[in-house]
Structure formats: structure tokens, C-alpha cells
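The first residue of the sequence shown is numbered 1, and numbering continues consecutively from there. Both ligands and their constituent atoms are indexed starting at 1 by order of listing. Remember, it's a predicted structure, so these values are computed and weren't measured experimentally.
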Amino acid sequence: MEILVSPDPAATARRAADVVLAGLARRPGRDPVLGLATGSSPLGLYQELGRAVAEGRADFSTAHGIALDEYVGLPPGHPEGYRQVLLREVCDVIGLSPDRLAVPDGSATDEASLVAAATAYEERIAALGGVDVQILGIGANGHLGFNEPGSALASRTRVKRLSERTRRDNARFFTGLDDVPTHCLTQGLGTILGARRLVLVATGDGKADAVAAALEGPLTASVPASVLQWHPDTVVCLDEAAAAGLRGRQYYDDSAAGLPSR
Ligand code: GLP
């Protein structure tokens, strides 16, 4: 794991954008496949990617976007459905074609249709040759995507129940807690681990405990984001507040400085 701590959220977003672009540049000649997270954490990163496009340093016109998750049971076109959120917060900002945005289809409410939608989503990712760079946020309870505590470390895309903590955290986007869906379709932790590079962005002191547990605690389904420790190319971009609980901070900073110059 590479753990990069920046002074503030703006600097964290700039650094994360550089890490994403470097990851995509590793596979030239192929349409990039970018894994997209919703939530407030990656918004600055998306703005920075948009800036890179405007400055001619990046081009997402041939890229594919793969969402991490979607609510179950929201009517198509609901403004808080993750397809609509990603159209607003990513496609419009970085010039990604809406035709090339894949989001799990959570519009059905019966189990058989949702199981079929989950299978279709895994097949879609496989048909694209996998995700090159997966952008991630972390829930205050350590969730990744919507993989709540207790999620199997090798899980694939499936229906999950949202925890009450997550529903309360996300109630701010709805008219009230009762309107927040109880279920979702989410890439599994095993699906996420299949991406070639994982980039986690976390800022603010509200994430400090979850970040410390995920990066320095045991690998456990109780802290789903601890699977980041298992992946060979995880880059974690934090601001000072989100990094406040890390015990190994000095070593991470020394490592980020690279080899000594001669
Ligand atoms: C939602 C998303 C997650 C995201 C989390 C944190 O639950 N499904 O992918 O990481 O929110 O959101 P925020 O970045 O707003 O704290």
C-alpha cells in the first residue's frame, strides 16, 4: 500500500487525480476503464480530472465508467439514484459519454431480477477486460461500495441490505430516513479487488477511525475496507484529518519520498 497524506482536501484531490491518471497511462492503446464511486469524498478528484481534460492532459472520450453500486427500488431517473448522480458529478465533469457509463440495474424489486442484474454486471465488467483504476471512498463504518461490515472478502456483485448507520448517513440526500432504500446492488469486495489499481480518497476527521482500522487493523469482514491491504496496487490519498489515527505515519511519509537522490 502507498499512503499519501496531503495538507488539505484540495491537495488530496490533486494528488489522487495524478495517481488515477498514472494508473490509466499504464495501458496505452486501450479504452480506459475507470471505476467510479459516489459520495462526497471523490468530488474534488473528479473536478481535478475535469481540469486535466480542459488542459489537454487527459481525455475520457473513449473511456468506460463502471459504478460501484446502486440503490434497489428507486424509479429510473430518480435524482439520487447513482446513475443520475454519476451523470451529474462525473460524466458532465470529465467528458465521459453517458453511453459508456455502466451502473448496476437496481430498478427491479424481486430477487430473481436482481440476481440476474448482478450477474449481468459482472459479465459487463469482464467483457470490458476489467477495471483499470477503481476510485473508492470509505464509509464511516468501514464500508467499501455498499459492502457493509460482515461482507465476504471474496464477494461478487449482489444484493445487500444497507446498515442503519449507512441509511442515516445517506438520509441527507433524501427527504427523510423513510425514503432511503433498504437494499442495494453493490460490486463485491472480490469484484473490487479485481481492478488493477485501487485509489481510496478520504478526507476529514469523521473518517479517521475507519481509515486507521482499514489500513492498520486486521484483515476482517468487520471492516470491509481492510481488503485494501490485500491488493498489490492500493494507493490511499488522505488529508491530515483523515490520517490522524494512523500509527505508522512517519514510515508512510518516508516511503512516499521515494529513493534517495544521488
Ligand atoms: C456511499 C457510497 C460509498 C461511499 C460512501 C461514503 O455509501 N456507496 O461508495 O464511499 O457513501 O460517502 P462520502 O464520501 O460522502 O463520505
Side-chain angles (χ1 to χ4, degrees), residues 8-10 12-13 16 20 34-48 65-74 78-86 88-90 93 101-104 106 118 121 131 133-151 155 157-174 177 179-189 191-193 195 198-215 223-228 234-239 241-243:
D8 53 44
T12 306
V20 168
L34 186 58
L36 302 168
T38 54
S40 51
S41 305
L43 288 179
L45 160 58
Y46 296 139
Q47 295 289 333
E48 288 299 328
I66 300 286
L68 272 178
D69 45 19
E70 177 60 291
Y71 292 112
V72 161
L74 291 182
H78 188 291
E80 294 308 328
Y82 283 168
R83 171 169 290 281
Q84 296 303 317
V85 170
L86 291 171
R88 286 195 304 272
E89 295 177 350
V90 182
V93 173
L101 172 67
V103 182
Y121 203 63
V131 171
V133 177
Q134 176 64 59
I135 295 168
L136 296 163
I138 184 171
N141 64 358
H143 76 213
L144 218 51
F146 270 140
N147 292 280
E148 301 284 24
S151 292
S155 49
T157 304
R158 69 219 183 286
V159 180
K160 282 297 280 184
R161 169 92 197 189
L162 297 177
S163 71
E164 284 314 293
R165 170 78 191 263
T166 297
R167 292 186 68 240
R168 277 201 308 276
D169 283 351
N170 290 1
R172 65 188 192 278
F173 300 113
F174 294 84
L177 185 57
D179 293 330
V180 183
T182 55
H183 289 77
C184 65
L185 275 173
T186 182
Q187 283 190 36
L189 295 172
T191 317
I192 292 169
L193 286 173
L198 303 181
V199 180
L200 176 76
V201 183
T203 56
D205 56 8
K207 297 293 171 70
D209 289 347
V211 165
L215 304 186
V223 182
S226 64
V227 290
L228 294 170
T234 289
V235 186
V236 182
C237 300
L238 306 171
D239 70 349

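- The closest donor-acceptor contact from the side chain of Gln134 to the backbone of Ala195 lies at 3.5 Å or more, if one exists at all.
- In the vicinity of Ile138, heavy-atom distances shorter than 4.0 Å reach the ligand 1 atoms 6 (C), 10 (O).
- Contacts between Tyr82 and ligand 1 below 4.0 angstrom, taking non-hydrogen atoms only, involve the side chain exclusively.
- In terms of heavy-atom proximity, Ala13 sits nearest to Gly44 at CB-C, 3.4 Å.
- Using a 4.0 Å cut-off between heavy atoms, Leu144 makes no contact with ligand 1 at all.
- The residue from Ala67, Cys184, Gly137 that puts a heavy atom closest to atom 10 (O) of ligand 1 is Gly137.
- Dense packing is recorded around CG of Asp169, with more than 12 heavy atoms of other residues, nucleotides or ligands lying under 6.0 Å away.
- Residue-level proximity to ligand 1 for Arg172 is carried by the side chain, the only part with a heavy atom below 4.0 angstrom.
- Not counting sequence neighbours, the partners of Phe146 by the ring pair (Phe, Tyr, Trp, His ring centres under 6.0 Å) test are Tyr71, Tyr82, His143.
- On a distance-only criterion, Thr166 and ligand 1 share no N/O pair closer than 3.5 Å.
- Evaluated by nearest non-hydrogen atom to atom 15 (O) of ligand 1, the leading choice among Ser40, Pro42, Ala37 is Ser40.
- For ligand 1 and Thr38, the ligand atoms under 4.0 Å from any heavy atom of the residue are 2 (C), 4 (C).
- When Lys207, Glu70, His143 are ranked by how near their heavy atoms come to atom 11 (O) of ligand 1, first place goes to His143.
- For Asp69, every heavy-atom contact with ligand 1 shorter than 4.0 Å involves the side chain, none the backbone.
- Counting only heavy atoms from C-beta outward, the side chains of Phe174 and Arg167 never approach each other to under 4.5 Å.
- Between atom 14 (O) of ligand 1 and the options Ser41, Gly39, Ala225, the minimum heavy-atom separation is to Ser41.
- In this structure the side chain of Ile66 reaches within 4.5 angstrom of the side chain of Gln187, judged on heavy atoms.
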- Given Val131 and Ile192, is the side-chain contact (heavy atoms from CB on, under 4.5 Å) satisfied, shown in steps? CA-CA 9 Å; Val131 171; Ile192 292 169; over 6 Å; no
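- For ligand 1, the polar-atom distance check against Gly145 finds a nitrogen or oxygen pair separated by under 3.5 Å.
- Residues Leu101 and Leu36 form a side-chain contact, since some pair of their non-hydrogen atoms from C-beta on lies under 4.5 Å apart.
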